[in-house]
Amino acid sequence: MTGDLFAALGAPDAGRAEPLREGAVVLRGFALDDAPALLAAVARIAAASPFRHLETPGGRRMSVAMTNCGAVGWVSDRRGYRYQPQDPLTGQPWPAMPPLFGNLARRAAAAAGYADFQTDVCLINRYAPGARLTLHQDRDEKGYADPIVSVSLGLPAVFLFGGLKRTDRTRRIRLEHGDVTVWGGPARLAFHGVAPLAEGEHPATGPCRINLTFRRAL
Ligand code: MD3
Ligand code: FE
């Protein structure tokens with residue numbers, strides 16, 4: 001929203017852009033205006049490729065429910081983690097990425113200093129109370145030159161981020177409805193996770209949190 005406007009006015013969007021670490025920034029409320037359209041698109045995507053709890057290679061069921069849109073989607077099963085062009089649940093291609101998604105991801109990346117970000121996959125995570133994501137790196141993409149853009153919708157979450165080693169100390173920040181974070185450069189391979197979601201109700205999503213992550217996988 002404001003990123004392009006402030007850029008057009010020649011002023012930085014400094015009031016709401018908080019640096020997290022080198023290469024990473026949180027843009028508070030950047031997706032607020034788009035939230036209703038984003039959530040409507042998520043409902044359409046989930047009608048075609050439903051949210052599901054994937055199995056880890058180790059045989060555990062993930063507490064976060066996931067789906068995807070775009071040219072490929074991220075999946076996990078006993079054989080490992082990968083991106084693939086078909087939804088294994090339906091045998092069909094993943095739903096197309098809505099133009100709004102690509103536009104928002106490009107505007108957010110630009111506001112964080114990454115020009116011309118092109119995304120080919122959006123991984124959509126749904127958290128019910130108690131769901132969490134343990135500390136991990138995102139390294140199933142072909143390259144790490146492009147940033148990852150994330151959009152938080154619905155219930156707030158405590159997001160954990162560390163350094164390039166699993167044992168580096170972690171910081172925590174609260175991510176709320178409409179917040180966007182961008183992770184590039186030296187932050188691209190930082191360890192990160194999400195603490196168990198607290199109970200609650202959000203006017204936009206009810207009793208859950210939705211997170212969109214825009215990546216370039218291919
Ligand atoms: C930092 N999702 O889907 S988004 C994931 O809130 C994931 O659902 C979390 O981690 C969520 O893989 C966090 C913020 C995020 C996403 C990707 C990153 C932070 C990142 C990649 C590298 C470093
Ligand atoms: Fe991740």
Side-chain angles (χ1 to χ4, degrees), residues 18-28 30-31 38-39 42 45 51-54 56 62-70 72-76 80-83 94 101 104-105 108-109 112 114 117 119-166 168-198 202 205 208-217:
E18 307 166 16
L20 295 173
R21 49 168 289 151
E22 195 188 346
V25 65
V26 52
L27 306 167
R28 295 286 184 195
F30 193 92
L38 292 170
L39 288 166
V42 168
I45 291 161
F51 283 104
R52 81 292 306 263
H53 296 271
L54 294 169
T56 66
M62 295 184 71
S63 59
V64 176
M66 297 179 171
T67 187
N68 294 272
C69 65
V72 290
W74 186 86
V75 296
S76 173
Y81 308 123
R82 65 193 168 276
Y83 285 97
W94 297 100
F101 282 28
L104 175 63
Y114 301 99
F117 175 52
T119 173
D120 52 17
V121 51
C122 176
L123 170 58
I124 307 172
N125 295 156
R126 189 186 66 197
Y127 297 74
R132 63 195 288 252
L133 210 51
T134 55
L135 216 58
H136 66 279
Q137 291 171 298
D138 290 13
R139 35 189 313 166
D140 300 317
E141 299 75 28
K142 282 239 163 67
Y144 310 121
D146 294 284
I148 291 183
V149 173
S150 127
V151 178
S152 293
L153 298 167
L155 288 177
V158 175
F159 175 73
L160 313 162
F161 65 101
L164 299 182
K165 297 194 305 262
R166 188 179 291 278
D168 288 344
R169 72 175 280 271
T170 57
R171 287 180 47 198
R172 45 190 63 210
I173 57 159
R174 189 177 150 99
L175 292 179
E176 301 198 41
H177 182 67
D179 289 348
V180 174
T181 62
V182 182
W183 301 81
R188 174 61 182 79
L189 288 173
F191 277 90
H192 60 278
V194 178
L197 198 79
H202 191 280
T205 59
C208 73
R209 168 177 188 257
I210 302 280
N211 182 82
L212 313 175
T213 51
F214 299 99
R215 303 131 187 272
R216 181 165 192 162

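Counting starts at 1 for both ligands and their atoms, in listed order.
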Looking only at protein heavy atoms, which one is nearest to [atom], and what is the separation?
atom                    : result
atom 22 (C) of ligand 1 : Arg188 O, 3.1 Å
atom 5 (C) of ligand 1  : Arg215 NH2, 3.2 Å
atom 21 (C) of ligand 1 : His192 CE1, 3.3 Å
atom 16 (C) of ligand 1 : Thr213 CG2, 3.8 Å
atom 11 (C) of ligand 1 : Tyr127 OH, 3.0 Å
atom 19 (C) of ligand 1 : Trp183 NE1, 3.3 Å
atom 7 (C) of ligand 1  : Leu133 CD2, 3.5 Å
atom 13 (C) of ligand 1 : Phe159 CE1, 3.5 Å

Using side chain to side chain donor-acceptor pair (under 3.5 Å) as the criterion, list what pairs up with Thr213, not counting sequence neighbours.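 For Thr213, the residues satisfying side chain to side chain donor-acceptor pair (under 3.5 Å) (neighbours in sequence not counted) are Arg215.
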Going by the side chain to side chain contact (heavy atoms under 4.5 Å, CB included) test, name the single residue among Leu104, Leu27, Ile210, Asp179 that passes it with Val151.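 So the option named by the test is Leu104.
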For a side chain to side chain contact (heavy atoms under 4.5 Å, CB included) with Phe214, tell me which candidate from Val121, Val149, Val180 qualifies.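 Running side chain to side chain contact (heavy atoms under 4.5 Å, CB included) over Val121, Val149, Val180 with Phe214 returns exactly one hit, Val149.
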Taking the Fe ion (ligand 2) as the vertex, how big is the angle to OD1 in Asp138 and NE2 in His136, rounded to 10°?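 If I round to 10°, I get 80°.
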Examine the proximity of ligand 1 to Ala187 and report which part, side chain or backbone, both or neither, has a heavy atom under 4.0 Å away.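 Under 4.0 Å from ligand 1, Ala187 contributes backbone atoms alone.
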Location of contacts on Val64 toward ligand 1, heavy atoms closer than 4.0 Å: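 None of Val64 does.
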Do Ser76 and Thr56 pass the side chain to side chain donor-acceptor pair (under 3.5 Å) test, and can you show the C-alpha distance, the side-chain angles, and the key distance before you say yes or no? CA-CA 6 Å; Ser76 173; Thr56 66; 5.8 Å; no
Got more than 12 heavy atoms from elsewhere within 6.0 Å of CZ, Arg82?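 Enclosed: over 12 neighbouring heavy atoms sit under 6.0 Å from CZ of Arg82.
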Spatial distance of atom [atom1] ([X]) from atom [atom2] ([Y]) [nearest 0.5 Å]:
X      : Y      : atom1 : atom2 : result
Leu133 : Met66  : CG    : CE    : 5.5 Å
Ser152 : Arg28  : OG    : CZ    : 9.0 Å
Ile148 : Tyr114 : CD1   : OH    : 11.0 Å

[X] heavy atom under 4.0 Å from ligand 1:
X      : result
Gln137 : no
Trp74  : no
Arg209 : yes

Give the numbers and elements of all ligand 1 atoms closer than 4.0 Å to a heavy atom of [X].
X      : answer
Leu123 : 3 (O)
Val194 : 6 (O), 9 (C), 11 (C)
Ser150 : 4 (S), 14 (C)

Parallel, tilted or perpendicular: which one describes the rings of His192 and Trp183, with boundaries at 30° and 60°?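 Parallel, since the angle between the ring planes stays under 30°.
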Can you tell me the N, O or S atom of His192 that's nearest the Fe ion (ligand 2)?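 Per the distance ranking, His192 contributes NE2 as its closest N/O/S atom to the Fe ion (ligand 2).
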Partners passing salt bridge (charged side-chain N to carboxylate O under 4.0 Å, His left out) against Arg188 (at least two apart in sequence or in another chain):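 In terms of salt bridge (charged side-chain N to carboxylate O under 4.0 Å, His left out), with neighbours along the sequence ignored, Arg188 is linked to Glu141.
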Under 3.5 Å between some N or O of ligand 1 and some N or O of Asp138?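 Yes; at least one N/O pair falls below 3.5 Å.
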If you define the side chain from C-beta out and look only at heavy atoms, does anything of Tyr83 sit under 4.5 Å from Asp120?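 When only atoms from C-beta onward are counted, Asp120 and Tyr83 do not touch, as no gap falls below 4.5 Å.
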Nearest heavy atoms of Leu164 and Gln137, plus distance in Å: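 For Leu164 and Gln137, the tightest heavy-atom pair comes out as O-NE2, 3.9 Å.
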